[in-house]
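Letters go in sequence order (proteins before strands), and every chain restarts at 1. Please read all numbers here as calculations on a predicted model, not as lab measurements.
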Number of protein chains: 2
Amino acid sequence: MASNAQPVSAKTPVTLREVAASAGVSVATASKALNGQGRMTAETRERIRETAQRLGFRPNSLAQSLLRRRSFTVGLLTNDTYGRFSLPVMSGISDALVDKGVSVFLCNVEDDKRLGQLHVDAMLDKRVDGIIATGKRIDRHLPVDLSNLGVPTIYAFTQPDPGAIAFVSDDAGGARLAVEHFCRLGRRRIAHVTGPASFAVVHARAQAYRDVLTEKGLPVMEPLLGSWSEAWGHEAVKKLFDGKLSKSGDEKPDAVFCGNDQIARGVIDALRERGLGVPDDVGVIGFDNWQIVAEATRPPLTSVDMNLAALGREAGLTLLSLVGGEPAEPGIRKLPCRLVVRQSCGRLPDG
Amino acid sequence: MASNAQPVSAKTPVTLREVAASAGVSVATASKALNGQGRMTAETRERIRETAQRLGFRPNSLAQSLLRRRSFTVGLLTNDTYGRFSLPVMSGISDALVDKGVSVFLCNVEDDKRLGQLHVDAMLDKRVDGIIATGKRIDRHLPVDLSNLGVPTIYAFTQPDPGAIAFVSDDAGGARLAVEHFCRLGRRRIAHVTGPASFAVVHARAQAYRDVLTEKGLPVMEPLLGSWSEAWGHEAVKKLFDGKLSKSGDEKPDAVFCGNDQIARGVIDALRERGLGVPDDVGVIGFDNWQIVAEATRPPLTSVDMNLAALGREAGLTLLSLVGGEPAEPGIRKLPCRLVVRQSCGRLPDG
DNA sequence: CTTGGTTGGGAAAAGGTTTTCTCTTGTTGG
DNA sequence: CCAACAAGAGAAAACCTTTTCCCAACCAAG
């Protein structure tokens with residue numbers, strides 16, 4: 001609102017030399033005046049500052065970077081083009097860095113080794129201060145070798161090289177959250193429907209599921225592995241409610257913990273088609289907290305959120321401290337998940 | 001693969017000076033040798049090349065940029081953090097630029113003026129060669145003024161400033177594709193269920209819908225405006241099949257053209273609940289071709305694709321030609337949509 | 001009047017590359 | 001044998017900023 005006279009944006013950026021000339025001083029003095037360095041009369045400093053302001057001077061970041069050997073730039077590699085996983089991560093990274101004046105090169109390498117090398121080389125040529133790798137799966141490498149690059153590297157939600165620093169979601173912890181929540185709500189026969197065995201997280205979550213039920217002395221049904229799709233959710237309901245499941249016989253599940261939100265959606269739809277009420281007859285919890293799915297589901301889906309933005313933020317801040325020369329322990333840091341309770345899981349009876 | 005002896009990645013990058021020293025020539029000669037400039041014996045050139053290779057020399061992009069006043073870097077502004085719209089656009093841009101050695105700064109400005117200015121300033125300081133603005137809506141401005149920046153600017157899938165160059169989807173054309181496809185399939189009573197009136201595309205598509213039906217001499221039902229949600233799709237089916245719609249009376253729609261894929265999904269689910277078969281009784285076409293929704297729908301959803309990646313590619317290439325000094329007409333370029341036929345729209349009766 | 005310290009400011013190098021200009025040497029034609 | 005010329009390679013300026021070092025002037029004290 002304060003109507004600052006905006007300097008007219010020049011076709012060619014104004015340099016420190018021009019500022020100095022216009023203020024009648026040397027470039028050295030001008031530089032010092034603007035950076036609060038050196039000794040000079042207050043008037044001189046102020047005059048130079050005003051001149052710079054009037055001319056719309058902004059220091060050339062390239063020249064600064066060349067001198068300081070620090071570009072205030074980081075590279076972000078991903079193979080998750082349309083990713084609902086890496087996007088929140090990116091967003092968190094960006095959040096963490098923008099305040100420090102650091103810009104992010106986003107590079108999608110798909111699963112193409114050539115493209116990966118291309119992008120990494122371009123980053124190094126542009127003297128990025130560091131690199132963050134992210135992806136669509138926690139248990140797969142990007143198609144490019146990031147060890148020994150000469151710049152700090154952090155892995156976020158992707159498979160790290162040995163000896164590196166990585167941030168990933170605590171999938172087992174997330175699964176515990178969901179199953180324990182069901183237990184607290186008094187559900188007794190909790191099933192688990194999840195994705196394909198080729199995903200590491202499938203096993204981590206399934207094991208946590210078994211662990212919690214064992215701890216609580218509740219019956220463990222063997223997790224149903226399938227695909228990450230609604231269709232599989234549908235099909236799994238058929239298996240759960242038509243077949244005989246465990247030795248304990250004919251009792252049907254009163255809760256289903258699903259490996260992702262799409263499966264959960266399929267499960268809920270299939271339950272409705274059978275005339276089973278969600279959450280009254282069967283509680284359902286999903287995973288990923290993919291908002292657009294979770295909120296469109298009837299009833300809205302309770303789901304485990306992996307806190308990916310926070311994960312990205314941590315990765316960004318850690319990279320920055322690495323760039324600043326501070327040491328950091330290598331290793332994998334698991335960040336906790338969080339249960340977002342909506343209506344599909346039910347409430348305590350006496351609520 | 002040819003086992004090239006990979007140069008050991010040095011902690012500190014090797015400079016041209018070191019290459020020159022190692023090859024026993026001056027930096028000038030070394031530079032010319034590597035760039036194919038100047039005159040020298042083939043042996044000298046080759047020797048320098050080999051030395052550079054051996055040392056793993058890569059020119060410092062910052063120094064080059066400083067000299068050439070060209071950073072091989074562009075800024076990409078968006079306000080679509082989790083966007084399924086701007087992400088394909090970005091992907092297209094990146095595709096178009098990576099081959100030319102241009103890297104992309106991705107900056108999410110949300111809808112925050114301060115953040116926008118912050119990012120734009122950072123870009124200008126880093127001497128980007130150009131800026132591309134994209135967003136989540138074609139009829140809204142980013143929260144930042146990009147006119148008169150001193151660098152070429154292109155708008156892609158967002159509201160341009162007057163006199164700028166912009167690429168947007170041809171929503172009217174896309175709607176025509178859908179409605180005409182229904183006509184070709186012999187559908188006669190085609191309804192339109194779409195989003196809120198506050199979106200310009202809603203009107204553009206609705207008008208195209210009316211135009212096509214009028215041209216074909218088919219009855220025009222007033223488009224139903226609501227929200228972009230599944231729930232609205234559900235509700236709209238109620239209105240379409242319970243109420244009396246147009247003067248022509250009691251005939252129910254045999255096709256529904258939906259404003260996006262989520263609405264279409266809601267429509268299909270609601271039709272199924274009424275015992276109406278898709279596509280046999282009613283054909284359905286969506287918009288956006290959001291793959292994960294379109295393919296999970298039963299039956300898989302026919303949908304209009306806005307070709308956003310192509311749009312991004314065009315934007316990227318145009319920006320590059322602008323940076324190269326070639327002139328370009330200002331104005332809005334509408335890029336055609338494409339109908340992705342799956343199973344929800346039906347086929348010709350005789351196949 | 002010297003000496004020593006302080007104050008305000010400038011000159012120059014550094015950062016890494018590209019490019020223009022200049023210089024040396026060898027070759028060819030007269 | 002000399003002039004003219006081409007080839008091969010180096011010196012230096014330029015890009016823009018930061019920082020170190022240095023200089024001139026001024027002041028007070030001895």
Side-chain angles (χ1 to χ4, degrees), chain A residues 10-49 51-52 55-73 101 122 124-129 150, chain B residues 10-49 51-52 55-73 101 122 124-129 150:
Chain A
K11 218 59 197 164
T12 163
V14 29
T15 72
L16 187 58
R17 187 202 305 271
E18 305 174 63
V19 174
S22 173
V25 296
S26 72
V27 288
T29 306
S31 173
K32 283 179 287 196
L34 297 176
N35 292 318
Q37 306 289 332
R39 289 175 316 199
M40 69 197 68
T41 50
E43 298 97 288
T44 307
R45 197 180 291 274
E46 194 47 38
R47 177 165 43 93
I48 296 174
R49 287 220 162 115
T51 310
L55 266 45
F57 169 75
R58 314 219 72 210
N60 185 330
S61 210
L62 264 42
Q64 293 181 319
S65 299
L66 188 57
L67 202 54
R68 295 185 178 153
R69 284 192 202 70
R70 175 107 157 62
S71 65
F72 286 89
T73 281
L124 294 178
D125 288 352
K126 288 179 175 133
R127 296 303 190 264
V128 293
D129 296 333
Chain B
K11 217 62 194 162
T12 164
V14 30
T15 71
L16 186 59
R17 187 201 306 270
E18 304 175 64
V19 173
S22 174
V25 297
S26 71
V27 288
T29 304
S31 172
K32 284 179 285 197
L34 297 175
N35 293 318
Q37 305 291 330
R39 289 174 318 199
M40 67 196 69
T41 51
E43 299 99 283
T44 307
R45 197 179 292 274
E46 194 47 39
R47 176 164 45 92
I48 296 173
R49 287 221 163 114
T51 310
L55 266 44
F57 169 74
R58 312 221 73 209
N60 185 330
S61 214
L62 293 150
Q64 293 181 320
S65 299
L66 189 58
L67 199 54
R68 294 184 178 155
R69 285 188 204 72
R70 176 108 159 62
S71 64
F72 287 88
T73 281
L124 294 178
D125 288 351
K126 287 179 175 133
R127 296 302 190 267
V128 294
D129 296 334

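With B/Lys126 contributing its side chain and A/Phe72 its backbone, the two residues share a donor-acceptor pair below 3.5 Å.
B/Asp125 has its CG atom 13 Å from the C1' atom of D/dT17, to the nearest Å. Nucleotide C/dG8 holds its P atom 9 Å from the CD atom of A/Glu43, rounded to whole Å.
Atoms CD1 and CD, from A/Ile48 and A/Glu43 in turn, are 11.5 Å apart once rounded to the nearest 0.5 Å. To the nearest 0.5 Å, the span separating CG on A/Asp125 from CG on B/Asn60 amounts to 8.5 Å.
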Footprint string (nucleotides 11-24 of chain C, 5' to 3'): B base within contact, S backbone only, - free, heavy atoms under 4.0 Å: BB-BBBBBBB----
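Considering only heavy atoms from C-beta on, B/Leu34 comes within 4.5 Å of B/Leu16 through its side chain.
If you check every strand for non-hydrogen atoms under 4.0 Å, B/Thr44 touches sugar and phosphate atoms only.
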Per-pair distances, 0.1 Å, donor-acceptor, side chain in residues 61-68 of chain B, under 3.5 Å, sequence neighbours excluded:
residue	atom	partner	partner atom	Å
B/Ser65	OG	B/Ser61	O	2.8
B/Ser65	OG	B/Arg70	O	3.4

